[in-house]
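Working notes, beginning with the structure itself.
Being a predicted model, the structure only gives us computed values, none of them experimental. FYI, the numbering just counts along the sequence from 1.
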Amino acid sequence: MTPVRQKGEEELAFIWRACEQREELGWTWPELAEFLNDTLGHQLTECSYRKTYQAAKAYYEKVFSKMQARDVTEALRERRIELAKEKQRLRDERTQYGQYIRQEARLEQKLSYLEEIIQSRGEKILPAAFFDCEKIGGTTEKELLVLLSDWHIGLNFHNDYGQYNTDIAVERLRELFWEIKQLQEAHGYEVCHVAILGDMISGGIHQSLRVTESENLIEQIQSASEMLAGFIGQLCRLFVKVDAVSVAGNHTRLDPNKDKAIKSERYDDLIAWYVKAALGHVQNFKMLPSIDNSLATMEICGKRYAFVHGDNDVITQNGMGKLAFMLGEIPYAVCVGHKHFPMYTEVNDVKVLQGGSLCGSGDDYTVSKRLTGDPCQCLAVCSKEGVKEFIPVYLA
């Protein structure tokens, strides 16, 4: 096909294109020169076209073709480097994923083994025969709710404001158990609900708390877990049925910085897990699941009770409204801890039961903040009408 000059095409570009197509068209140089002269209005010889084209082509091949080849070679080299990097990243990711899977498998194996040890220890300390005592029954119309809050196991202080250590905590729990036993014997309650409201250990979120701690974090978890399992185990001897829920506190977060701490990572979860494992052989005990580790609910005598620690929820109309929206329903009552003093109040027809603390006040943190309060844990007698009696049990 005869070359046609395109609109806006430079003359030299057209001559170059025609020369490139000469052999394809089967033209001799004189024939091409005649065509170009007729098209462009020139009177040049075939030699002028031929030599100019051949010189330009030789220059292009020596200079531009080599530069283009180098560019292609460099691009290929960079591409090979990128591919090699990507392959290495994939190998590293596969290696890391394999390590993660192995670590998770080992962790699950260790947790299963640890759970077996805890169960075995629980069966030795609290054998099945331990619970085979004659339970005093009599009424199913009323049930007992036990609020266990803010034990802060690990604190150690003795001053004009109070005293506390793990041994004192054990004695106070014995006193609390005796009060519960007297109530049960007097009224014959068959069902006992236990609410574990968080901060069972002192943790380490405040430097002032660390100064007054007699146990490291591992020892705190171990002590609190064994004390809680033993206390609930004793309750299982008194009542026909015992169930429990657990929520985490603020002192047990892994990171002392509240803004950096992950909500789902709390040492309280380990304590609840220990109790569930240690009392797994007890027929009349059940650890109920929580919505998450900051919120749980339980049905008591046909009414819905909600349980929180209290650091995320304020006892106001707005606070109770937010909690109700989160639950998707308005609970009959909300049980909290955190404030270290007992209280029974009502917010927009929602009953609020606030538990006390086992440690009271007297550590550096409470003294510096001018926070006072006597050691106390709380009980509530419940019926289908609701809370019949709220009982703060003050402890020596």
Side-chain angles (χ1 to χ4, degrees), residues 1-112 205 248 253-266 269 291-295 312 318 322 325-326 328:
M1 181 180 292
T2 303
V4 178
R5 187 176 181 182
Q6 304 296 326
K7 183 178 180 180
E9 186 177 21
E10 293 289 340
E11 183 179 291
L12 289 176
F14 174 65
I15 294 173
W16 175 272
R17 187 160 58 84
C19 292
E20 285 282 281
Q21 296 177 356
R22 183 187 65 81
E23 292 185 358
E24 182 182 343
L25 295 170
W27 289 352
T28 63
W29 281 105
E31 290 173 337
L32 178 61
E34 183 180 356
F35 166 75
L36 290 173
N37 285 336
D38 290 342
T39 303
L40 301 174
H42 296 321
Q43 294 183 351
L44 299 175
T45 64
E46 61 87 16
C47 183
S48 296
Y49 289 113
R50 175 171 50 81
K51 288 185 177 181
T52 301
Y53 167 73
Q54 289 176 344
K57 187 171 184 179
Y59 184 80
Y60 172 80
E61 289 178 347
K62 286 182 180 180
V63 178
F64 292 102
S65 295
K66 289 182 179 179
M67 289 177 61
Q68 196 174 44
R70 284 198 298 271
D71 291 342
V72 171
T73 301
E74 182 65 22
L76 289 173
R77 188 181 72 84
E78 291 178 357
R79 181 59 178 163
R80 283 196 298 269
I81 292 174
E82 288 299 320
L83 287 173
K85 289 180 179 178
E86 189 62 30
K87 288 180 180 178
Q88 186 60 49
R89 278 194 289 267
L90 288 173
R91 283 195 293 268
D92 291 343
E93 287 177 1
R94 283 197 295 266
T95 300
Q96 291 176 358
Y97 182 70
Q99 290 175 348
Y100 171 76
I101 293 298
R102 287 193 294 273
Q103 289 172 356
E104 285 293 300
R106 288 170 184 159
L107 179 59
E108 289 180 3
Q109 183 181 17
K110 289 177 180 178
L111 287 175
S112 297
I205 64 169
R253 57 180 181 257
L254 272 64
D255 195 320
N257 189 322
K258 183 179 180 180
D259 296 328
K260 294 181 180 179
I262 300 174
K263 180 187 72 65
S264 60
E265 294 182 343
R266 296 289 190 274
D269 296 342
I291 297 174
D292 61 36
N293 70 343
S294 69
L295 177 60
N312 297 320
N318 186 45
K322 287 182 177 180
F325 274 117
M326 181 69 72

For the atom pair [atom1] ([X]) and [atom2] ([Y]), what is the distance rounded to the nearest 0.5 Å?
X      : Y      : atom1 : atom2 : value
Met326 : Asn312 : CE    : CG    : 9.0 Å
Gln6   : Arg17  : CD    : CZ    : 5.0 Å
Thr39  : Glu34  : OG1   : CD    : 10.0 Å
Thr45  : Trp29  : OG1   : CH2   : 11.5 Å

(message) Please tell me whether Gln88 and Asp92 have a donor and an acceptor in their side chains that are separated by less than 3.5 angstrom.
(response) yes
(request) Give a yes or no on this: more than 12 heavy atoms of other residues, nucleotides or ligands lie within 6.0 Å of atom CZ of Arg89. (result) yes
(request) State whether the number of non-hydrogen atoms from other residues, nucleotides or ligands found under 6.0 Å of Gln43 atom CD is greater than 12. (result) no
For [X] against [Y], the heavy-atom pair lying closest together:
X     : Y     : result
Gln21 : Pro3  : OE1-CG, 3.3 Å
Leu44 : Ala33 : O-CB, 4.4 Å
Glu20 : Lys57 : OE2-NZ, 3.7 Å
Phe14 : Val4  : CE1-C, 3.7 Å
Arg5  : Leu40 : NH1-CD2, 3.6 Å
Trp27 : Arg22 : O-NH1, 3.0 Å

(request) For side chain to side chain contact (heavy atoms under 4.5 Å, CB included), just list the numbers for Thr2 and Phe35, CA-CA rounded to whole Å, side-chain angles, deciding distance to a tenth of an Å, and then say yes or no. (result) CA-CA 9 Å; Thr2 303; Phe35 166 75; 3.2 Å; yes
(request) Test Lys87 against Arg91 for side chain to side chain contact (heavy atoms under 4.5 Å, CB included), laying out the working first. (result) CA-CA 6 Å; Lys87 288 180 180 178; Arg91 283 195 293 268; 4.0 Å; yes
(message) Going by salt bridge (Lys or Arg N to Asp or Glu O under 4.0 Å), name the pairs with one or both residues in residues 35-55, residues two or more places apart or in two chains.
(response) Glu46-Arg50
(request) Please examine the side chains of Leu36 and Tyr49, heavy atoms only from C-beta on, and report whether any two atoms are closer than 4.5 Å. (result) yes
